[in-house]
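Both backbone and side-chain heavy atoms feed into the values below; hydrogens, waters and symmetry mates do not.
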Amino acid sequence: MARKKIREYDSKRLLKAHIARLAGLQLPIAVAQVKEATNFAELVSANPWMTQTPLVVKPDCLFGKRGKHDLVGLKLDYLQAQEFVAARMNKVVDMDGTVGKINCFIIEPFVPHEDEYYLCIQSERLGYTISFSEFGGMEIEENWDKVRTVTIPTGAEASSERLAPLLSTLPPELRGGMERFIAAAYAVYLDLDFTLMEMNPFTLDAAGQPFPLDMRGELDDTAAFRRWGRPPAYAPGWKALPAGRGGPRGAPNCSCSRRVGGVWLGAAGVCCCDLGTGLGCLPVQGVGSSGRAGAV
């Protein structure tokens with residue numbers, strides 16, 4: 001797979017839209033994006049919530065540890081948010097040896113909270129791992145011994161039994177809602193071909209609804225061919241392709257007779273399918289860049 005990082009703004013928009021579609025959860029997520037050419041007055045007009053609640057402002061440039069580097073503005077009104085962005089737009093920063101220019105910001109409501117949780121879903125060789133902790137936030141690395149992890153085999157469901165070890169120390173009144181949220185996030189992860197979905201931290205708002213305060217996402221870029229018929233804005237950098245045409249970089253059209261197993265597209269347009277000896281999949285029929293079909 002080719003792991004493609006996406007901005008926090010896009011991660012949160014995808015999560016909100018598709019967790020509602022797949023699981024019926026209405027997350028209270030509201031986000032706005034600011035770039036150098038953004039007209040702030042028009043942005044506020046399109047997002048009236050920016051004038052109705054305190055705001056959080058931070059760079060959205062695919063690097064972490066923003067809080068530790070004093071790059072997060074908290075409890076700002078929309079005028080202060082505009083000043084915060086203007087003072088840091090195009091600023092060159094050194095993030096642990098990686099030097100770059102800040103050219104994009106995310107603005108969202110400030111959510112008062114006490115508890116911070118950690119959730120991370122990742123793709124592994126033979127399945128997926130889901131990690132959870134009640135001690136999320138900037139000090140997650142110092143509290144890594146408190147992170148619990150379960151493995152979901154390829155083709156298996158994120159059932160209550162499989163998720164139970166993650167939630168064993170939560171208060172009983174929180175377990176049901178938290179289990180539903182984790183299972184729904186996992187469904188979004190699979191449906192949108194994520195390879196990484198991390199929320200550190202997320203919290204519960206005043207109504208008890210999960211709210212990701214900080215989110216990181218990566219998509220499987222070689223799965224773009226599965227997006228035919230979806231809106232072009234489905235994911236940043238991905239295009240909706242008409243049926244019958246190959247994916248990006250001359251990738252082949254291919255289909256699997258069963259949904260278990262993973263499909264990777266090689267750089268030379270070769271379809272490789274890791275079916276696994278124990279999964280009982282039938283052969284895969286692929287059409288290479290030369291146009292010749294054959295089992296692989």
Side-chain angles (χ1 to χ4, degrees), residues 1 3 6 8 11-29 111 113-137 139-220 223 258-262 276 278-279:
M1 68 181 71
R3 299 168 68 118
I6 59 174
E8 182 177 2
S11 293
K12 290 183 174 179
R13 287 195 310 127
L14 289 172
L15 178 66
K16 178 178 181 177
H18 294 281
I19 207 168
R21 175 177 64 87
L22 294 170
L25 292 183
Q26 302 296 329
L27 299 185
I29 294 175
V111 178
H113 63 280
E114 295 182 2
D115 298 319
E116 294 185 338
Y117 305 96
Y118 172 81
L119 177 65
C120 182
I121 308 173
Q122 295 191 76
S123 299
E124 301 291 345
R125 179 67 176 80
L126 296 176
Y128 309 91
T129 59
I130 304 178
S131 300
F132 174 81
S133 176
E134 300 156 56
F135 300 89
E139 308 303 326
I140 186 62
E141 295 176 358
E142 289 78 358
N143 290 296
W144 199 251
D145 59 319
K146 300 180 177 67
V147 176
R148 296 182 291 278
T149 300
V150 298
T151 298
I152 310 295
T154 299
E157 295 183 1
S159 62
S160 297
E161 293 75 14
R162 288 195 170 96
L163 296 181
L166 300 177
L167 310 174
S168 58
T169 59
L170 273 181
E173 63 273 14
L174 295 181
R175 292 179 193 173
M178 198 69 78
E179 178 190 311
R180 186 184 179 202
F181 172 63
I182 294 175
Y186 179 68
V188 173
Y189 179 97
L190 294 180
D191 187 72
L192 301 192
D193 299 303
F194 273 83
T195 59
L196 172 73
M197 179 187 289
E198 183 183 57
M199 303 176 209
N200 183 41
F202 75 94
T203 191
L204 302 178
D205 68 6
Q209 292 296 314
F211 187 95
L213 300 173
D214 200 346
M215 185 170 177
R216 190 160 66 100
E218 296 179 6
L219 298 173
D220 182 359
R258 290 178 60 183
R259 293 197 63 183
V260 293
L279 294 177

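Applying the side-chain hydrogen bond (donor to acceptor under 3.5 Å, both in side chains) criterion to R162, with sequence neighbours excluded, gives no partner residue. Annotation: side-chain hydrogen bond (donor to acceptor under 3.5 Å, both in side chains) contacts of E116 (sequence neighbours excluded): H113. Among residues two or more places apart in sequence or in another chain, the salt bridge (Lys or Arg N to Asp or Glu O under 4.0 Å) test is passed with K16 by none. With sequence neighbours excluded, no residue forms a side-chain hydrogen bond (donor to acceptor under 3.5 Å, both in side chains) with D115.
In this structure the side chain of V188 never reaches within 4.5 angstrom of the side chain of L14, judged on heavy atoms. With contacts defined as side-chain heavy-atom distances shorter than 4.5 Å, the pair I130/I121 qualifies. In this structure, the side chains of F132 and L170 come closer than 4.5 Å at one or more pairs of heavy atoms. By the 4.5 Å heavy-atom criterion applied to side chains, L174 and Y117 are counted as neighbours. Looking at heavy atoms from C-beta onward, S123 lies out of side-chain contact with L196 at the 4.5 angstrom threshold.
Within the structure, ring pair (Phe, Tyr, Trp, His ring centres under 6.0 Å) contacts touching residues 152-180 (residues at least two apart or in different chains) do not occur. Every pair passing side-chain hydrogen bond (donor to acceptor under 3.5 Å, both in side chains) that includes a residue from residues 128-137 is listed here, sequence neighbours excluded: S131-T149, E134-R148, E134-T169.
Between the side chain of N143 and the backbone N or O of E139, at least one donor-acceptor pair lies under 3.5 Å. Distance alone, capped at 3.5 Å, is enough to place a donor-acceptor pair between the T154 side chain and the L126 backbone. Remark: side-chain polar atoms of R180 are not paired, donor with acceptor, to backbone N or O of L25 under 3.5 angstrom. Proximity of a side-chain donor or acceptor of K12 to a complementary backbone N or O of L213 within less than 3.5 Å is detected. Using modelled atom types, one side-chain atom of N200 and one backbone atom of G137 make a donor-acceptor pair closer than 3.5 Å.
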